[in-house]
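This report concerns only the one structure given below.
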Amino acid sequence: MSLKVYNSYSRQKEDFKSITPGHVGMYVCGPTVSGESHLGHARPYITFDVLFRYLTYKGYKVRYVRNITDAGHFEEEGREAEDKVGKKALLEKLEPMELVQKYTNLFHWAFNQFNCLEPSIEPTATGHIVEQIDMIKKIIAEGYAYEINGSVYFDVKKYAAGHDYGKLSGRIIDDLLSTTRELDGQEEKRDTADFALWKSAAPEHIMRWSSPWGDGFPGWHIECSAMATKYLGAEFDIHGGGMDLQFPHHESEIAQSTICNHTAPVKYWMHNNMITINGKKMGKSYNNVIKLTELFSGDHPLLSQAFSPMTIRFFILQSHYRHPLDFSNEALVASEKAFKRLWEAYEVLRILPVNEAVIDGTNPLLESKVLNWLGEFEEFMDDDLSTPKVIANMFELAPIINSFKDGLVAADAIAASTLLLLKEKFRIFLEDIFGLRSEHSTNNEMLKGVMQLLIDMRREARNKKDFATSDKIRNQLNDIGILLKDEKDGGMSWTI
RNA sequence: GGUCCUUUGGCCGAGUGGCUAGGCAAAGCUCUGCAAAAGCUUCUACAGCGGUUCGAAUCCGCUAGGGACCUCCA
């Protein structure tokens with residue numbers, strides 16, 4: 001089976017074929033570490049983590065590059081260009097790199113909580129100033145950039161004359177060139193559509209580097225082009241990021257890299273949609289963000305409780321990555337319950353005994369349904385990562401799994417081979433590909449021993465019809481967060 | 001203002017021409033000392049209007065609402 005992905009550049013689903021057989025180069029725009037990550041940031045990194053995992057499952061050796069933007073990206077409108085990282089640092093009275101370190105650590109911590117695999121390479125913008133300067137030099141040499149007052153701008157009009165500038169973002173170049181908007185600090189550009197490759201730094205700028213054009217800092221888009229080229233080559237397979245980066249960021253990346261490397265840089269552009277809150281995009285500019293730390297702690301006016309990283313991961317996977325996802329406390333509560341139920345079914349499945357003697361199941365209809373649902377796991381993922389459909393199938397299978405445990409379905413209803421396949425597919429898709437995991441460590445031997453003792457005591461009490469004692473054990477365990485469940489066969493199990 | 005997208009049952013959310021997605025909530029039942037959990041059952045929607053078609057949530061047009069980008073943004 002072959003993977004199809006939606007390519008933003010062609011606006012259609014395409015068969016995925018890697019440039020180098022067996023290998024995939026993937027670049028994803030990483031965080032700007034001038035502040036704390038919020039729920040909106042979780043989406044791309046979880047989405048592309050799943051893609052990374054899925055490509056690996058498909059047998060590709062993937063080099064996954066995700067940058068850390070620890071410089072650059074500037075405020076421009078209505079005021080002098082300012083280095084965002086440097087500005088915040090002054091406010092917080094921290095060294096710029098101290099601030100960057102703090103938020104980088106926080107980012108790593110949060111996405112470790114989300115069980116996101118680490119990228120193969122996580123380059124920083126400040127660590128690649130030299131590469132960026134080299135790239136700018138080449139673009140100047142090619143005649144597509146010009147220097148004015150220590151700054152360097154990309155000549156969009158010239159580029160657009162021979163290239164399809166605006167194709168990725170569906171922009172019409174003439175509209176861009178005839179912007180009616182008045183922007184300060186734009187007068188030195190030849191054209192308003194031009195973008196900065198290098199910006200001259202005012203004396204008070206803390207973050208600055210020397211360059212052939214004087215002291216300054218790199219422009220908005222050049223870091224991704226430089227680092228992607230360095231680690232993935234002039235042409236690589238996948239470039240991912242949020243939809244809001246299509247213009248101008250990715251459009252400009254294409255232009256820079258195309259001029260510098262004489263080839264279009266990316267084969268498949270993939271963009272995730274936004275997370276909205278009350279229908280509005282969650283973003284810094286809207287002042288409506290919910291930080292990840294607030295989500296994890298529940299410390300936010302819109303939240304009724306804390307939500308675990310796996311709940312959020314599951315919530316994100318329940319919708320398709322290219323569709324908008326509206327946040328609400330209720331939706332997260334629903335996801336929390338759904339995930340818990342699914343995960344517990346999975347834990348039941350793992351310890352379900354397999355009778356190798358069952359060659360043919362006694363319930364062919366059930367068996368064919370199970371096989372069909374399992375087969376669709378990969379089929380759905382191949383269709384542009386349709387994670388919600390895979391999850392829907394898992395929920396079709398969950399009651400069947402629970403019915404096996406409760407004896408509502410005969411143990412020999414399906415062949416041993418099918419049961420083994422069921423176990424394997426659940427493990428691969430739930431754990432390896434979706435990156436979900438148990439929230440709680442229940443493999444603490446000491447806790448297991450204590451629980452067994454309490455279960456034994458409760459059973460003895462129940463046998464003696466001493467329900468006061470048995471209820472006390474159950475209720476008090478419940479109060480501290482352990483749920484005792486009486487099984488159909490008289491046994492007991494527990495979950496946190 | 002320009003470009004583009006979107007509108008699904010109480011809520012979330014799949015779905016691109018014909019066959020009940022799924023989850024959460026709610027109700028009933030089974031099981032149970034009670035409860036929880038689990039299982040079973042019920043709840044059949046596609047913004048409005050018009051068109052194409054044997055047949056449309058799905059294609060086209062108009063109307064209304066919402067949103068994104070155009071400026072840092074995942």
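- Remark: B:rG2 base-pairs with B:rC69. Criterion, Watson-Crick or G-U wobble with two distances under 3.5 Å.
- For a distance-only test at 3.5 Å, the side chain of A:Arg474 qualifies as a donor-acceptor partner of the base of B:rA35.
- With hydrogens and angles ignored, no donor-acceptor pair closer than 3.5 Å exists between the side chain of A:Asp326 and the base of B:rG13.
- Nucleic acid contact for A:Ser470: base, since at least one base atom lies under 4.0 Å from a heavy atom of the residue.
- Evaluation of atom-type donor-acceptor distances gives a pair under 3.5 Å for the side chain of A:Asp486 against the base of B:rC34.
- A donor-acceptor contact closer than 3.5 angstrom is absent between the side chains of A:Arg43 and A:Asn272.
- With a 6.0 Å cutoff to the six-membered ring centre and a 45° limit on the axis angle, A:Arg322 counts as a cation-pi contact of A:Tyr6.
- The shortest distance between the side-chain N/O atoms of A:Arg341 and the OP1/OP2 oxygens of B:rG23 is below 4.0 Å.
- A 4.5 Å side-chain heavy-atom check between A:Lys157 and A:Arg190 finds every atom pair outside the cut-off.
- Across the strands present, B:rC59 finds its partner in B:rG51; the criterion is a Watson-Crick or G-U wobble pair with both atom distances under 3.5 angstrom.
- The shortest distance between the side-chain N/O atoms of A:Lys337 and the OP1/OP2 oxygens of B:rG23 is not below 4.0 Å.
- The base of B:rG23 is not paired with the side chain of A:Ser335 by any donor and acceptor separated by under 3.5 Å.
- Checked by atom type, the side-chain pair A:Gln246/A:His271 shows a donor-acceptor distance below 3.5 Å.
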